[in-house]
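Below: the structure, in structure tokens.
Along the sequence shown, the residues carry numbers beginning at 1. Predicted, not measured: the structure shown is a model, and the values here were computed from it. Computed from heavy atoms alone, side chains included, the values below leave out hydrogens, waters and symmetry copies.
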Amino acid sequence: MSHKPFYILILICCFLACKENNNLTRIEGQRISISDSIQPNEEIETYVKPFRERIEKDLDSVLAYAVDYYSKTDGHLNTAIGNLMADAVYLEANPIFKKRVSKDIDIVLLNHGGIRASIPQGNVTTRTAFEVMPFENSVYVVALRGTQVQELVNYLTKAKRAHPIFGLKLVLNEDFTIEYALINGETIDNERLYYVATSDYLFNGGDNMIFFKANDTVYDLNYKIRNVLIDYFKKTDTISPVIDDRFIQL
């Protein structure tokens, strides 16, 4: 708690001069200063303690082992931790999507800024997943025409950031023009429908990814990206992601 006092406005609703329809006619408030000088309520602390301890135990449960330290600053246009996240979304979300609509996810696109912590070398815990992805973002799968995927590629080219991707291979020239872009090893077909897994945040225009909103065909998998990571860690045992050639500059 901050040492500077702050205030909580406690509203005391006084039903004065109430009419027959019970409408509230006046609200009075009182400011009560809250600071470190206020001692915790021992009865509440005693009640909350076992729940807090259980949560801490669950957060510190070991799920996997990381062979190295992984940071979102460890690469230019793709990073090991970003590749891990994109791969995890495909591996964990694709079976759910395929069961629902009998289609496969073609591309995964997340955002570099959404990676909020590094993965340290050593034990990977549930807490690690919460630190890397503290937000409540869920996996959405959006149907995009090839022309819209070209807009996605153009966005990545201009952004020049290591946004995590899967399924797409993007190679840029020295001047950041596109040398080639492939989806699962094939050139992009402008008339084909591609299924792109992303987050609800990006679907709604986060990081200026406005190309998603041009299509209303979207599937909410009701699967938080944080839970994707937890499930992936449980299955993987030892994680050792690498920086590869999925998004590079010649």
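Taking the ring centroids of Y219 and Y140, they lie at or beyond the 6.0 Å cut-off.
Cation-pi check for K160 over F176 is met; the charged atom lies under 6.0 angstrom from the ring centroid and within 45 degrees of its normal. No cation-pi contact links R145 to Y194, judged by a cut-off of 6.0 Å to the six-membered ring centre and 45° from its axis.
Every residue two or more places apart in sequence or in another chain was checked for a side-chain hydrogen bond (donor to acceptor under 3.5 Å, both in side chains) with T147, and none qualifies. Every residue two or more places apart in sequence or in another chain was checked for a side-chain hydrogen bond (donor to acceptor under 3.5 Å, both in side chains) with K72, and none qualifies. With sequence neighbours excluded, no residue forms a side-chain hydrogen bond (donor to acceptor under 3.5 Å, both in side chains) with E174.
T236 places no side-chain N or O within donor-acceptor distance of the main-chain N or O of I239, the cut-off being under 3.5 Å. No donor-acceptor pair closer than 3.5 Å links the side chain of H112 to the backbone N or O of R161. Between the side chain of N83 and the backbone N or O of T79, at least one donor-acceptor pair lies under 3.5 Å. Of the possible donor and acceptor atoms, one in the side chain of S71 sits under 3.5 Å from a partner among the backbone N and O of T73.
Between F203 and F212, the angle of the ring planes lies from 30° to 60°, which puts this pair in the tilted group.
Applying the salt bridge (Lys or Arg N to Asp or Glu O under 4.0 Å) test to pairs two or more places apart or on separate chains, those with a residue in residues 183-210 are D106-R192. Sorted by first then second residue, the salt bridge (Lys or Arg N to Asp or Glu O under 4.0 Å) pairs that include residues 228-247, not counting sequence neighbours, are D87-R246, E92-K235, K169-D245, D244-R246.
Listed by chain and number, the hydrophobic cluster partners of L182 are V171, Y180, I248, L250, where partners are ILVMFWY side chains within reach of under 4.5 Å, directly or through others.
In the hydrophobic clustering of ILVMFWY residues, with side-chain heavy atoms under 4.5 Å counting as a link, L170 and V242 come out apart.
The shortest side-chain heavy-atom distance between T217 and V142 does not fall under the 4.5 Å cut-off. A 4.5 Å side-chain heavy-atom check between L156 and L168 finds at least one atom pair inside the cut-off.
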### Task
Run the numbers on D220 and S138 for side chain to side chain contact (heavy atoms under 4.5 Å, CB included), then give the verdict.
CA-CA 8 Å; D220 180 0; S138 295; 4.2 Å; yes
### Working for ring-ring contact (aromatic ring centres under 6.0 Å, His included), residues F97 and Y195
CA-CA 10 Å; F97 181 67; Y195 294 96; 5.4 Å; yes
